[in-house]
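Please read these numbers as outputs of a predicted model, since none were measured by experiment.
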Amino acid sequence: MSHIVYFSLGANIGDKKLTILRAIDRIGELIGGVERRSALYETQPWGFTSSHSFLNAAVCCCTKLNPREVLAQTQLIEKELGRTIKSVDGQYQDRVIDIDILLYDDWQIDEDDLKIPHPLMYERDFVMTPLREIMADGGEGW
């Protein structure tokens, strides 16, 4: 059985565009075919101060993996692309890549390390703008 999963991607250090493109490629290889992807959006940091702006995007893919397997693969992709530290307890910082699971079908999961839908997505324009783009019209991509 296939499932539809939506991701938010963000990067604010290093070659941001290349890193996001590589993350999307790896999502396609490890999680499932990327059906839609948004444009890239340049945004200011949210929840912390930094002189580095972010590039953000959203992607939709079709997967046979369960949510816990999807989480494991996103964490592996982050590590492969150079992420070494995860944000803890709302303490955010610059990052080479961040991949969040936003939606997985219409499932609701509330575990310590896995919350679907993503609990803060509606508060974040940098998540909702690209997500609306790919949910509304299929996304033009770049």
Side-chain angles (χ1 to χ4, degrees), residues 1-48 50 52-142:
M1 180 173 186
S2 290
H3 303 277
I4 300 298
V5 61
Y6 288 88
F7 299 98
S8 175
L9 294 88
N12 81 324
I13 53 177
D15 188 333
K16 298 177 278 193
K17 182 176 181 179
L18 179 61
T19 301
I20 288 177
L21 291 173
R22 290 176 63 201
I24 293 170
D25 286 346
R26 292 299 282 155
I27 287 169
E29 294 165 4
L30 298 177
I31 298 173
V34 173
E35 304 287 322
R36 295 184 296 273
R37 63 184 186 180
S38 73
L40 289 173
Y41 292 84
E42 186 169 3
T43 64
Q44 294 307 305
W46 184 95
F48 73 106
S50 174
H52 305 286
S53 65
F54 274 84
L55 281 184
N56 294 97
V59 298
C60 172
C61 84
C62 190
T63 187
K64 295 194 181 300
L65 303 180
N66 68 48
R68 180 112 349 242
E69 293 169 327
V70 171
L71 177 63
Q73 293 304 313
T74 61
Q75 291 174 340
L76 174 66
I77 294 166
E78 288 177 339
K79 284 182 184 175
E80 286 178 357
L81 296 176
R83 181 142 188 205
T84 57
I85 299 172
K86 291 292 282 182
S87 299
V88 178
D89 296 328
Q91 299 297 313
Y92 301 106
Q93 58 197 356
D94 292 327
R95 61 204 73 135
V96 67
I97 187 69
D98 186 33
I99 305 170
D100 288 332
I101 303 167
L102 301 177
L103 302 164
Y104 182 101
D105 289 341
D106 61 354
W107 291 28
Q108 293 186 6
I109 300 172
D110 187 6
E111 298 174 3
D112 288 342
D113 63 338
L114 181 60
K115 296 188 185 308
I116 299 172
H118 191 287
L120 298 175
M121 65 188 238
Y122 297 107
E123 298 175 23
R124 299 171 171 176
D125 287 340
F126 66 87
V127 172
M128 295 307 297
T129 299
L131 179 61
R132 281 189 199 101
E133 177 189 332
I134 63 173
M135 290 185 91
D137 64 7
E140 291 300 314
W142 354 273

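Heavy-atom neighbours of Glu111 CD from other residues, nucleotides or ligands within 6.0 Å: above the threshold of 12. No more than 12 heavy atoms of other residues, nucleotides or ligands lie within 6.0 Å of NZ in Lys79, so this atom counts as exposed by the packing criterion.
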Practice task
Give the intermediate values and the outcome of side-chain contact (heavy atoms from CB on, under 4.5 Å) for residues Leu103 and Met121.
Solution key: CA-CA 10 Å; Leu103 302 164; Met121 65 188 238; 4.0 Å; yes

Practice task
Starting from the C-alpha separation in whole Å, work towards a yes-or-no answer on side-chain contact (heavy atoms from CB on, under 4.5 Å) for Thr74 and Ile31.
Solution key: CA-CA 8 Å; Thr74 61; Ile31 298 173; 3.8 Å; yes

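Considering every non-hydrogen atom in both Ala23 and Ile99, the closest pair reads CB-CD1, 4.2 Å. A pairwise comparison of heavy atoms in Leu65 and Thr63 identifies N-OG1, 3.0 Å as the closest pair. Contact between Asn12 and His52 at its shortest, heavy atoms only, is O-CB, 3.1 Å. The two residues Tyr6 and Arg36 make their nearest non-hydrogen contact at OH-NH2, 2.6 Å. For the pair Ile27 and Cys61, the tightest heavy-atom approach, listed with the atom from each and the gap, is CG2-SG, 4.1 Å. Pro130 and Asp125 make their closest contact through CD-O, 3.9 Å (heavy atoms, listed as atom of the first residue, atom of the second, distance).
Looking at heavy atoms from C-beta onward, Cys62 lies out of side-chain contact with His3 at the 4.5 angstrom threshold. At a threshold of 4.5 Å between non-hydrogen side-chain atoms, the residues Val127 and His118 do not count as touching. Taking 4.5 Å as the limit, some side-chain heavy atom of Arg95 sits within range of a side-chain heavy atom of Phe54. Looking only at side-chain heavy atoms (C-beta outward), Leu131 and Ser8 stay at 4.5 Å or farther from each other. Between Pro67 and Ile116 there is a side-chain heavy-atom pair separated by less than 4.5 Å.
Rounded to the nearest 0.5 angstrom, Thr129 OG1 and Arg124 CZ are separated by 13.5 Å. With rounding to the nearest 0.5 Å, the separation of CG in Asp98 from OG1 in Thr19 is 12.5 Å. To the nearest 0.5 Å, atom CD1 of residue Ile20 and atom CG of residue Leu9 are 6.0 Å apart. Rounding to the nearest 0.5 Å gives a distance of 15.0 Å between NZ of Lys115 and CG of Leu102. In this structure, CD1 in Ile97 is found 10.5 Å from CD1 in Ile13, a value given to the nearest 0.5 Å. Rounding to the nearest 0.5 angstrom, the gap separating the CZ atom in Phe7 from the CZ atom in Arg37 is 15.0 Å.
Although no hydrogens or angles enter the test, the distance criterion places no donor-acceptor pair under 3.5 Å between the side chain of Asp105 and the main chain of Trp107. Between the Arg26 side chain and the Ile77 main chain, no donor and acceptor come within less than 3.5 Å of each other. Without hydrogens or angle criteria, Ser38 side chain to Ala58 main chain gives a donor-acceptor distance under 3.5 Å. Of the possible polar contacts, one joining the Lys16 side chain to the Ser53 backbone as a donor-acceptor pair under 3.5 Å is found. With hydrogens and angles disregarded, a donor-acceptor distance shorter than 3.5 Å links the side chain of Glu69 to the backbone of Asn66.
Salt bridge annotation for Asp113-Arg68: present, with a cationic side-chain nitrogen under 4.0 angstrom from a carboxylate oxygen.
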